Amino acid sequence: MSAVKRLPGFQDILPEDRIYWDYIMGKATDLAQRFGFLRVDIPIIESINLFARGNGEASDFFVNKEMYAIEESDGSYIALRPEFTAGMVRAYINNGMSSRPQPVKLYTFGPAFRRERQQAGRFRQHNQFDCEILGETDPAADLEIMMLAMSLYREMGYSELAFQLNSTGCKSCKPVYVEALTTYLADHLDKLAPIDQQRLKLNPLRILDSKEKGMDALLADAPHIIDHLCDDCASHLSDLRAMLEKLGANYEINFRLVRGIDYYTKTVFEVWDKRIGAQAALCGGGRYDGLAEAIGGKSTPGVGFGLGLERAVLGLKAEGIEPPSPPEPTLFVAHFGGDTKIAAVDITYKLRAAGFGTRLAFARDKRSMKSQMREANKYPISHAIIVGEGELAEGNVTIRPMLEGGGDQFQHRADQVVDYIQQATG
RNA sequence: GCGGGUAUGGCGAAACGGUUAUCGCGCUUGGUUGUGGCCCAGGAGUUCUGGGUUCGAUUCCCAGUACUCGCCCCA
């Protein structure tokens, strides 16, 4: 019988990789706190209705959107969250956060799920760092969200990245634009690939980021939303741009940047790193002023982003950045079994209690000193403490410096080992 | 769901249409009686599965499966 295997699209994070995650999450936490964000945690599973907002049959929706859904005994559906924003807004509403000082700035970490085929930097379970500002319409909030993301990349040591920025309008100007775009594309129907002809009916905006050939030329002459924004949306964007420019942030207006989720209004942005494969978006986000109402809450503006941690790790590696290694024990306790093992255990736990990382040689039966020393040599051990019968009889242990230039081994009082180590390493 | 690529021991590789399929790394044990890093020796692997071609396949062909990259979807 072959061993049970990990499910496709899921991954194990091994110690060698985990240091990258700790590095990123540490920086992210630090920055979020510096920006005044508060940590929350929300459930991984939510009602399907949180994600399928009035798009007809819920079952069609989660199949089409490649969502992990589970049918309950009463016929309703729950879903593994595909993203954080909707859940964060739900938490804001459910917990009456509108009565807190506004805006409310929240961050979280955790997994999200999409039932899709694996590719480079794309998994069925992926992890995000997510930040949201709720209850604020000021474009400075959009800026804060963008700068938090960019500051994180900067602090992680990335060479300069640029924002892809666009506005997706609001409920008054977006439909007008969609109609203008649809009319234009319908006039050039013969130049559209089958997939894009399909999209023209379902979601014309997504044709803008079509990967079909020949779209660059066709779309260059298409209407651009930036020319169709209402006064409010236009001034929101220009205010944001003025602030970005004042801060010297790299960004480019990308009229083809659309995000697949319907709730975005005004600002949308992404940060790309093309070195990590076709799935180049390191993070993305935007404003969603209509979302709270759409899920049944009081109208509340919001803006936020989700940052993919797997992709951040890929990017760090592409950048050649090596995170610091975690501390490892520098003490090793060896013995010869029997009473010496009992004494070795005692010393080991005294050292650990005193705060020293200590590794104890395990040996069910007899084990040669050579084997134990070889084990010690695999780790960054500074001192091996050898508990032998001779020494034990006199109340001593042997302390053997393991590093180059550490001097010769010597005997020392067993009950003063902690003191010696304290002095030697202090 | 669709398409491309790849499938040899824990990892990285090599080999050949034909006797017990190599090598490095790693792991592990040992090299006399209680001691590391070098060196030496030993230990652990049904060449993904099932068909086909062939006297004979790990090596050729097909299917399946897995992994991987890309599309769809979207982060």
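Chain letters run A, B, ... following the sequence lines, proteins first and then strands; every chain starts at 1. As the structure is a computational prediction, the values presented were derived from the model and not from experiment.
Counting only residues at least two apart or on different chains, the salt bridge (charged side-chain N to carboxylate O under 4.0 Å, His left out) pairs with a member in residues 211-221 of chain A are A/Asp216-A/Arg256. Residue pairs satisfying the ring pair (Phe, Tyr, Trp, His ring centres under 6.0 Å) criterion with at least one member in residues 196-224 of chain A, sequence neighbours excluded, are listed as follows: A/His224-A/Phe255. Applying the salt bridge (charged side-chain N to carboxylate O under 4.0 Å, His left out) test to residues at least two apart or on different chains, the pairs with a partner in residues 40-51 of chain A are A/Arg39-A/Asp41, A/Glu46-A/Arg90. For residues 316-338 of chain A, no pair satisfies ring pair (Phe, Tyr, Trp, His ring centres under 6.0 Å), with sequence neighbours left out.
Using Watson-Crick or G-U wobble geometry with both donor-acceptor distances under 3.5 Å, B/A66 finds its partner in B/U6. With a cut-off of 3.5 Å on both Watson-Crick or G-U wobble distances, the partner of B/U46 is given as none. Pair assignment for B/C60: B/G52, on the basis of Watson-Crick or G-U wobble contacts that are both within less than 3.5 Å. Base-pair partner of B/G36: not found among the strands shown (Watson-Crick or G-U wobble, both distances under 3.5 Å).
Only the P atoms considered, B/U47 is 33 Å distant from B/C38, to the nearest whole Å. Nucleotides B/G50 and B/C40 have their P atoms positioned 40 Å apart, rounded to a whole Å. Nucleotides B/G17 and B/G26 place their P atoms 32 Å apart, quoted to the nearest Å. B/U59 and B/A21: their P atoms are spaced 15 Å apart (whole Å). Atom name P, nucleotides B/A44 and B/U54: the rounded distance is 38 Å, in whole Å. Nucleotides B/U22 and B/A15 have their C1' atoms positioned 7 Å apart, rounded to a whole Å. With C1' as the reference atom, B/C60 and B/G56 are 13 Å apart, rounded to whole Å. Across the C1' atoms, B/C73 and B/G64 are found 27 Å apart, a figure rounded to whole Å.
Using a cut-off of 4.0 Å between Lys/Arg side-chain N and Asp/Glu carboxylate O, A/Lys174 and A/Asp262 are scored as not salt-bridged.
Per the geometry, CZ belonging to A/Arg367 stands 13 Å off P belonging to B/G31, to the nearest Å. Note: CD (A/Glu16) to P (B/G26) measures 15 Å, nearest angstrom. Atom pair A/Arg6:CZ and B/A66:C1' shows a separation of 12 Å (rounding to whole Å applied).
Using a 4.0 Å cut-off on heavy atoms, none of the residues of residues 39-48 of chain A approach RNA chain B.
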Give the B/S/- string for nucleotides 70-75 of chain B, one per nucleotide from 5' to 3', where a protein heavy atom under 4.0 Å of the base yields B, of only the sugar-phosphate yields S, and otherwise -. BBBBBB
Got a list of side-chain donor-acceptor pairs under 3.5 Å for residues 267-274 of chain A, not counting sequence neighbours?
| from | atom 1 | to | atom 2 | distance (Å) |
| --- | --- | --- | --- | --- |
| A/Thr267 | OG1 | A/Asp142 | OD2 | 2.6 |
| A/Glu270 | OE1 | A/Trp272 | NE1 | 2.7 |
| A/Glu270 | OE2 | A/Arg259 | NE | 3.2 |
| A/Glu270 | OE2 | A/Arg259 | NH2 | 3.4 |
| A/Asp273 | OD1 | A/Arg275 | N | 3.1 |
| A/Asp273 | OD1 | A/Arg275 | NE | 2.9 |
| A/Asp273 | OD2 | A/Arg275 | NH2 | 2.8 |

Using a cutoff of under 3.5 Å, can you pull out all pairs of nitrogen or oxygen atoms linking the protein to nucleotides 32-37 of chain B, with atom names and distances?
| from | atom 1 | to | atom 2 | distance (Å) |
| --- | --- | --- | --- | --- |
| B/G34 | O6 | A/Gly390 | N | 3.2 |
| B/G34 | O6 | A/Glu391 | OE1 | 3.1 |
| B/G34 | N1 | A/Glu391 | OE1 | 2.8 |
| B/G34 | N1 | A/Glu391 | OE2 | 3.1 |
| B/G34 | N2 | A/Glu391 | OE2 | 2.8 |
| B/U35 | O2 | A/Arg400 | NE | 3.1 |
| B/U35 | O2 | A/Arg400 | NH1 | 3.3 |
| B/U35 | O2 | A/Gln409 | OE1 | 3.4 |
| B/U35 | N3 | A/Gln409 | OE1 | 2.8 |
| B/U35 | N3 | A/Gln409 | NE2 | 3.1 |
| B/U35 | O4 | A/Gln409 | NE2 | 2.4 |
| B/G36 | N7 | A/Arg400 | NH2 | 2.7 |
| B/G36 | N1 | A/Met402 | O | 2.6 |
| B/G36 | N2 | A/Asn377 | ND2 | 2.8 |
| B/G36 | N2 | A/Met402 | O | 3.0 |
| B/G36 | N3 | A/Asn377 | ND2 | 2.9 |
| B/G37 | O4' | A/Asn377 | OD1 | 3.0 |

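Under the rule for a salt bridge (charged side-chain N to carboxylate O under 4.0 Å, His left out), A/Glu391 has no partner lying at least two apart in sequence or in another chain. With sequence neighbours left out, the salt bridge (charged side-chain N to carboxylate O under 4.0 Å, His left out) criterion links A/Asp190 to no other residue. A/Asp187 pairs by the salt bridge (charged side-chain N to carboxylate O under 4.0 Å, His left out) definition with nothing, not counting sequence neighbours. Here A/Arg400 pairs with nothing under the salt bridge (charged side-chain N to carboxylate O under 4.0 Å, His left out) rule; sequence neighbours left out.
By the neighbour-count criterion of 12 heavy atoms within 6.0 Å, atom CD of A/Glu179 is sparsely surrounded, having that number or fewer from other residues, nucleotides or ligands.
Side-chain atoms of A/Tyr288 and A/Glu132 form a donor-acceptor pair, as typed in the model, at a separation below 3.5 Å.
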